[in-house]
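Structure record follows, encoded as structure tokens.
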Amino acid sequence: MLFKQKVHIKKINSHDVIESFHNIDFVNFLISLQPVKILKWTGIKNGESASFKFWFFGWKKMDVIHQNYKSETDYLSFEDHGVGLPFGLTSWKHHHIVEKVQDGTLITDIISFDESTLVKRFLIKPIMLFPIITRRLSYKVWFYFIKNKG
């Protein structure tokens, strides 16, 4: 299963967006309105990791390790690779890309995951993608209303 979304953040410097991805407050904000708890987050560079619990008829745990980290002045890319997955998922990869565009910054999320059966694919897809889809709004709220107001 492959899912891709792009969120254009107009008039926001790509350096500010890149800096936010390294900030636990940003991660906490992205999950703040969801039934998700961060158990561990060490950062996004190669070998760093995160553990989350999310509620869906009981708490489910998900562990990821970060790989393929690349950061430049106006570009950031890294991947979350699932190492402990819920719902019988057999793989999970979330590729994050932040890049400067002419009038701001573009954030791209590319998700790929597999599960053992076709039935699970249709049941699990909305559960696993909902937190990513909500970022269409939460990215903009963070950069336009919260980040520079504190």
Search all heavy atoms of Tyr144 against all heavy atoms of Lys10 and return the closest pair with its distance.
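Taking Tyr144 first and Lys10 second, the nearest heavy atoms are OH-N, 2.7 Å.
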
Provide the closest heavy-atom pair for Thr105 versus Val17 in the form atom of the first, atom of the second, distance.
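That closest heavy-atom pairing would be CG2-CG2, 3.8 Å.
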
Rounded distance [0.5 Å steps], [atom1] in [X] versus [atom2] in [Y]:
| X | Y | atom1 | atom2 | result |
| --- | --- | --- | --- | --- |
| Glu72 | Ser77 | CD | OG | 10.0 Å |
| Lys93 | Leu2 | NZ | CG | 9.0 Å |
| Thr134 | Gln34 | OG1 | CD | 4.0 Å |
| Lys6 | Ile97 | NZ | CD1 | 7.5 Å |
| Ser112 | Trp92 | OG | CH2 | 8.5 Å |
| Asn13 | Lys100 | CG | NZ | 7.0 Å |

Report whether [X] and [Y] are members of the same hydrophobic cluster (ILVMFWY, side-chain heavy atoms less than 4.5 Å apart, transitive linking).
| X | Y | value |
| --- | --- | --- |
| Ile44 | Ile110 | no |
| Leu106 | Ile133 | no |
| Val36 | Val64 | yes |
| Val101 | Tyr139 | no |
| Trp142 | Trp41 | yes |

Do the ring centers of His22 and Tyr69 come within less than 6.0 Å of each other?
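Here the rings of Tyr69 and His22 have centres that are less than 6.0 Å from each other.
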
Verify whether the ring centers belonging to Phe26 and Phe143 lie closer than 6.0 Å.
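When the ring centroids of Phe26 and Phe143 are compared, they turn out to be within the sub-6.0 Å range.
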
Could you go through the side-chain contact (heavy atoms from CB on, under 4.5 Å) check for Phe54 and Met62 one step at a time?
CA-CA 8 Å; Phe54 58 96; Met62 181 171 179; 4.2 Å; yes

Evaluate Asp109 against His96 for side-chain contact (heavy atoms from CB on, under 4.5 Å), listing each step before the verdict.
CA-CA 5 Å; Asp109 291 289; His96 306 261; 3.7 Å; yes

Could you go through Asp63 and Ser49, starting from their C-alpha distance and side-chain angles, then the distance that decides it, and tell me whether this counts as side-chain contact (heavy atoms from CB on, under 4.5 Å)?
CA-CA 7 Å; Asp63 299 314; Ser49 61; over 6 Å; no

Does any N or O in the side chain of [X] come within less than 3.5 Å of the main-chain N or O of [Y], such that one atom is a donor and the other an acceptor?
| X | Y | value |
| --- | --- | --- |
| Gln67 | His81 | no |
| Tyr75 | Ser14 | no |
| Asn68 | Phe78 | no |
| Ser138 | Leu30 | no |
| His66 | Glu48 | yes |

Worked verdict on Ile9 versus Lys140 for side-chain contact (heavy atoms from CB on, under 4.5 Å)
CA-CA 6 Å; Ile9 311 294; Lys140 291 181 180 187; 3.7 Å; yes

Flag if over 12 foreign heavy atoms under 6.0 Å of NZ, Lys60:
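Yes, NZ of Lys60 has more than 12 neighbouring heavy atoms, counting only those of other groups under 6.0 Å.
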
Do the non-hydrogen side-chain atoms of Phe113 and Leu85 ever get within less than 4.5 Å of each other?
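Sidechains of Leu85 and Phe113: no contact.
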
